[in-house]
Amino acid sequence: MKFWSQTFIPTLKETPSDAEITSHKLLLRAGLVRKLGGGLYTFMPAGLRVLQKISQLCREEMDREGGIELAMPHVHPVENWEQGPRWPAAREIMYRVDHAGAGKGRSKEPEFVLGPTHEEVITPLVKSEITSYRDLPKNFYQITTKFRNEIRPRYGLMRAREFIMKDAYSFDATDEGAVESYHKMKRAYTAFFNRCGLKTISVEADTGVMGGSFSHEFMVPAPIGDDDVVYCDASGYAANREKATSGIVPADLADAAPVGALEEFATPGVVTIAALAAAPYGVPADQQFKTLVYMGDGKPFLVILRGSDDLEEAKLGALGFQLWRTATPEEIEPVMGAKPGSLGAVAGTIRNPTALAGVFADHAIKLVGNGTTGANKDGFHLRRVNVARDLAITSWGDFRRVREGEPCPKSGQPLKIARAIEVGHVFKLGTKYSDKFGAVFTDANKQSHPMVMGCYGIGISRTLQAVIEQSNDADGIIWPWSVAPWQVLVVNLDPQDAAASEMAKKLAAAAEAAGADVLVDDRAERPGVKFKDADLIGLPLRLTVGGRGLKEGIVEMKWRAGKDVKKIPLADAEQIIAQAVRTAAGLA
RNA sequence: CGGGGUGUAGCUUAGCCUGGUAGAGCGCCUGGUUUGGGACCAGGAGGUCGUAGGUUCGAAUCCUAUCGCCCCGACCA
């Protein structure tokens, strides 16, 4: 048992002004963390306990599915990253570490980076250590601090520069094996989040910088989330908005026959979809083609969408570029022949079509059939543009952003969209990393193959905050039994009184013997302060010992999540408490 | 990086517009009274007003720059 006076739980009556969301406020007010700088937090004693409990649950679930724990360095030689498949994209989020005296030496400046994840470390390791199919599959994991130079740290631990993550890497001999490893991890994640008392939904996700063939994210629905989840209750379809599709695009290209010859018309000053939709032109947005110019690994390419649709930028990842961004007007004009606002993809109107890396069309433009687009001549547009006849399309894809209410691709029912926080992510990577690093093995037929990989992350510190975000009330945190810093709080209202202190210790010992972690509030504070703090720090079970109760021959028992205060007779108290603890632990 | 906001005691903040010796509440220290839901009385400590320039007889207040932090957008567990 721990006495409050012997540890350090600096609670705050007032909310620090730099916290905005509930969980961040409670982290600070309950004395769980303190800020060092933007996205940098000290875990205070109680916060550290929660972190350790969550880590332990994670460890147990990983081990259950065959995970093997190890610990890799935080400082990585930059060469590992230069060799890896995602250096151009990853370098921007990595902190660089130069050794003392860098730049003074005669040879090339050694350079290190702080690890944002560890594919570039584990893959070379496995390459040199594992060469036979007999040693596969393997799944290595660790729970460590990760470093990312976040563009914008925010919401306390939700998006930090330095955070705790569980990362795992699976290596299989076959694709089927990799799929099996992937499902084991999905299972482990589901079990882990359940044990943390966290309601999550798993959604299809974009693979992003990671690369890889498919992935799922574990999301906690919350209005402050960074992601939009698109879902359908009827079919169970759920996907990150970056990845989500809708059933809105059934049209066949053949249905849209040309309706006449192309015609150019003057549109002085019209540079937006909305302006062309307004009088005097009156071309509805969904009858326009929107032409966007992007730069992919240094070369321009076009994306064509319905005028009424928005681009979902993450979907451009399917095009195979390492890096992409919107093109600047200076880059656009020499290629297209016009400034943004008058652009189009009609073959023959593009000034320098050979400069383009491709023209990529969203399926939804089939719904337009014949529409209006820019003439690649400032102040002019073209009408009666036919998709099949006039547009110089390299390939088709899904690039549009899904909107709420569009039909579900599975059930046809209206899709819903909700904000959510990503707390876990599983990727099937394939051989992207093993190819790059030469992580190969020899099979039974003496043939050499690249290992098939997967990688799996859980934001441990983020999970901690997500639990608070999901489990609190106006008075403070309501910890689930499984991750509470302590599970039982014995409030001694009269710590100067020997009998009360004796009883408090006795009850604490009984709870502890039954398997609970116990905190005893022995501070010389007024009762009001102690009750307020008890609610704020949110331990699941509260026992109250005071002179008044002792005179009556009772102590009080109250669950943080409930309202009832039970008076229990002193004679039965130890037994009742032990029973309550066992029951709660059994539920956890 | 773009847009918006903000910086005054450990915390929450007033004062700034309209320049004139920096105020309060909480917390902290001392003494007393209290004692079952953030007590009361009396006394006390604590602030180069983010930093640097400038304007002015005089700057927390006006101007410029700079830094930190918070919020909105693009990236991530």
Side-chain angles (χ1 to χ4, degrees), chain A residues 10-21 24 28-29 34-40 58 89-90 92-94 116-117 143-168 189 200 205-210 215 217-220 224-227 240 242 311-314 317 323-326 421-427 455-466 475-476 491-497 500 524-536 542 544-552 555-556 558 565:
Chain A
T11 57
L12 299 172
K13 194 186 287 191
E14 293 182 276
T15 307
S17 56
D18 55 4
E20 191 78 10
I21 66 169
H24 187 196
L28 292 163
R29 288 194 55 212
R34 285 294 183 263
K35 184 169 73 175
L36 173 63
L40 300 170
C58 182
E92 293 175 23
I93 60 154
M94 287 197 287
T117 66
I143 299 174
T144 56
T145 303
K146 295 286 187 278
F147 303 88
R148 285 183 197 172
N149 190 5
E150 286 293 342
I151 303 162
R152 179 154 90 88
R154 61 173 148 174
Y155 297 146
L157 304 177
M158 281 301 180
R159 188 188 297 191
R161 292 199 160 99
E162 191 185 306
F163 59 97
I164 315 283
M165 174 172 158
K166 187 284 304 174
D167 48 323
Y189 278 33
T200 58
D206 181 61
T207 52
V209 172
M210 247 349 143
S215 86
E217 288 168 332
F218 286 77
M219 298 296 224
V220 177
I224 53 98
D226 287 338
D227 292 277
N240 191 307
E242 294 181 345
L311 174 69
E312 180 59 64
E313 250 190 76
L323 287 175
W324 59 91
R325 59 170 173 82
T326 53
I421 307 159
E422 179 187 357
V423 288
H425 204 154
V426 294
F427 294 88
C455 72
Y456 318 93
I458 288 177
I460 298 289
S461 44
R462 180 180 281 185
T463 296
L464 187 162
Q465 188 171 344
D475 293 316
V491 180
N492 182 1
L493 294 177
D494 297 291
Q496 75 296 339
D497 178 71
E525 289 288 350
R526 299 172 57 81
V529 173
K530 295 189 160 203
F531 287 129
K532 286 290 184 190
D533 273 349
D535 290 341
L536 180 57
R542 186 184 84 192
T544 307
V545 179
R548 206 171 78 184
L550 293 182
K551 262 181 227 154
E552 279 181 60
V555 294
E556 288 167 11
K558 180 183 176 296
V565 178

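Just so you know, these numbers use all the heavy atoms, side chains as well, and skip hydrogens, waters and symmetry mates. Sequence lines set the chain letters: A, B, ... in the order given, protein chains first and strands last, and positions in each chain run from 1. Keep in mind that this is a model prediction, so the values were computed, not measured.
The base of B/G4 does not come close enough to the side chain of A/Arg152 for any donor and acceptor atom to sit less than 3.5 Å apart. Taking only distance into account, the side chain of A/Glu14 meets the base of B/G25 through a donor-acceptor pair shorter than 3.5 Å. Checked by distance alone, A/Arg29 brings a side-chain donor or acceptor within 3.5 Å of a matching partner on the base of B/G38.
Atom CG in A/Asp18 sits roughly 9 Å away from atom P in B/C11 (whole-Å rounding). Taking atom CD of A/Glu313 as the reference point, atom P of B/A74 lies 9 Å away to the nearest angstrom. To the nearest angstrom, P of B/A74 lies 12 Å from CG of A/Leu311. Across the protein-nucleic acid pair, A/Gln496 atom CD and B/U34 atom P stand 14 Å apart, rounded to whole Å. Atoms CE (A/Met158) and P (B/C70) sit 15 Å apart, rounded to a whole Å. With rounding to whole Å, A/Trp324 atom CH2 is found 12 Å from B/A74 atom C1'. Atom-to-atom, CG of A/Asp535 to C1' of B/G38 comes out at 11 Å; the value is rounded to the nearest Å. Between the CG atom of A/Asp475 and the C1' atom of B/G37 there is a distance of 10 Å, given to the nearest Å.
Contact check, A/Lys530 against B/G36: no side-chain N or O comes under 4.0 Å of OP1 or OP2. Phosphate proximity of B/A77 to A/Tyr155: absent, as no side-chain N or O sits under 4.0 Å from OP1 or OP2. Using a 4.0 Å cut-off, some side-chain N or O of A/Arg154 falls inside it from OP1 or OP2 of B/C72. For the pair A/Lys35 and B/C70, the criterion of a side-chain N or O lying under 4.0 Å from OP1 or OP2 is met. The phosphate of B/U35 has neither OP1 nor OP2 within less than 4.0 Å of any side-chain N or O from A/Arg526.
B/C1 and B/U61 have their P atoms separated by 27 Å, with the value rounded to a whole Å. Taking the C1' atom of each, B/C70 and B/G50 are spaced 15 Å apart, rounded to whole Å. Rounded to the nearest Å, the gap between the P atom of B/G44 and that of B/G23 is 14 Å. Across the C1' atoms, B/A77 and B/G2 are found 26 Å apart, a figure rounded to whole Å. Rounded to the nearest Å, the gap between the C1' atom of B/G25 and that of B/U18 is 28 Å. Rounded to the nearest Å, the gap between the P atom of B/A24 and that of B/A9 is 14 Å. Between the C1' atoms of B/A45 and B/U55, the separation comes to 37 Å (whole Å). A gap of 29 Å separates the C1' atoms of B/G46 and B/U35, to the nearest Å.
Pair assignment for B/A24 gives B/U12, based on Watson-Crick or G-U wobble hydrogen-bonding distances that are each under 3.5 Å. With a cut-off of 3.5 Å on both pairing distances, B/A59 has no Watson-Crick or G-U wobble partner at all. When both distances must be under 3.5 Å, the Watson-Crick or G-U wobble mate of B/A74 does not exist. Summarising the base pairing, B/A39 is matched to B/U33 through a Watson-Crick or G-U wobble pair whose two defining distances lie under 3.5 Å. B/U51: Watson-Crick or G-U partner is B/A65, with both key distances under 3.5 Å.
Between the CG atom in A/Asp18 and the NZ atom in A/Lys35 there is a gap of 3.5 Å [rounded to 0.5 Å]. Considering CZ of A/Arg34 and CG of A/Leu40, their distance stands at 16.0 Å, rounded to 0.5 Å. Here the straight-line distance linking atom CZ of A/Arg548 with atom CG of A/Leu493 works out to 9.0 Å at 0.5 Å rounding. Between the CE atom of A/Met165 and the OG1 atom of A/Thr144 there is a distance of 8.0 Å, given to the nearest 0.5 Å. With rounding to the nearest 0.5 Å, the separation of CG in A/Asp475 from CG in A/Leu536 is 9.0 Å.
Note: A/Tyr456 and A/Tyr189 have perpendicular aromatic rings, judged against thresholds of 30 and 60 degrees for the angle between ring planes.
By the 5.5 angstrom centroid cut-off and the 30-degree plane limit, A/Phe531 is classified as not stacked against the base of B/G36.
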Give the intermediate values and the outcome of side-chain contact (heavy atoms from CB on, under 4.5 Å) for residues A/Phe531 and A/Thr544. CA-CA 9 Å; A/Phe531 287 129; A/Thr544 307; 3.8 Å; yes
Given the rule in the side-chain contact (heavy atoms from CB on, under 4.5 Å) test, do A/Asp167 and A/Lys146 qualify, once you have shown the distances and angles that lead to the verdict? CA-CA 10 Å; A/Asp167 48 323; A/Lys146 295 286 187 278; 3.0 Å; yes
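Among the heavy atoms of the strands lying under 4.0 Å from A/Asp226 is at least one base atom, whether or not backbone atoms are also near. If you check every strand for non-hydrogen atoms under 4.0 Å, A/Ala160 touches a base. As judged by a 4.0 angstrom heavy-atom cut-off over every strand, A/Gly424 is placed among residues touching the sugar-phosphate backbone only. Within the 4.0 angstrom heavy-atom criterion, base atoms lie near A/Leu493. Within the nucleic acid shown, A/Gly528 comes within 4.0 Å of sugar-phosphate atoms alone, with no base atom in reach, counting heavy atoms only. In this structure, A/Ser461 reaches neither bases nor backbone, as no heavy-atom distance under 4.0 Å exists between it and the strands shown. Contact annotation for A/Asp494: no contact, since no heavy-atom pair falls under 4.0 Å across all strands. Counting any heavy atom pair closer than 4.0 Å across all strands shown, A/Val423 reaches sugar-phosphate atoms only and no base atom. Note on A/Glu150: a base of the nucleic acid sits closer than 4.0 angstrom, heavy atoms only.
Relative to the side chain of A/Ser17, the nucleotides B/U13, B/G38, B/C75 differ in distance, and B/U13 lies closest. Of the listed nucleotides (B/U12, B/G38, B/A77), B/U12 has the atom at the smallest distance from the side chain of A/Pro16.
A residue-by-residue look at A/Gly156 and A/Arg159 shows that A/Gly156 has its nearest nucleotide of RNA chain B further toward the 5' end. If A/Thr11 and A/Gly37 are placed on RNA chain B by their nearest nucleotide, the residue sitting closer to the 5' end is A/Thr11.
A heavy-atom distance below 4.5 Å is not found between the side chains of A/Val491 and A/Asp533.
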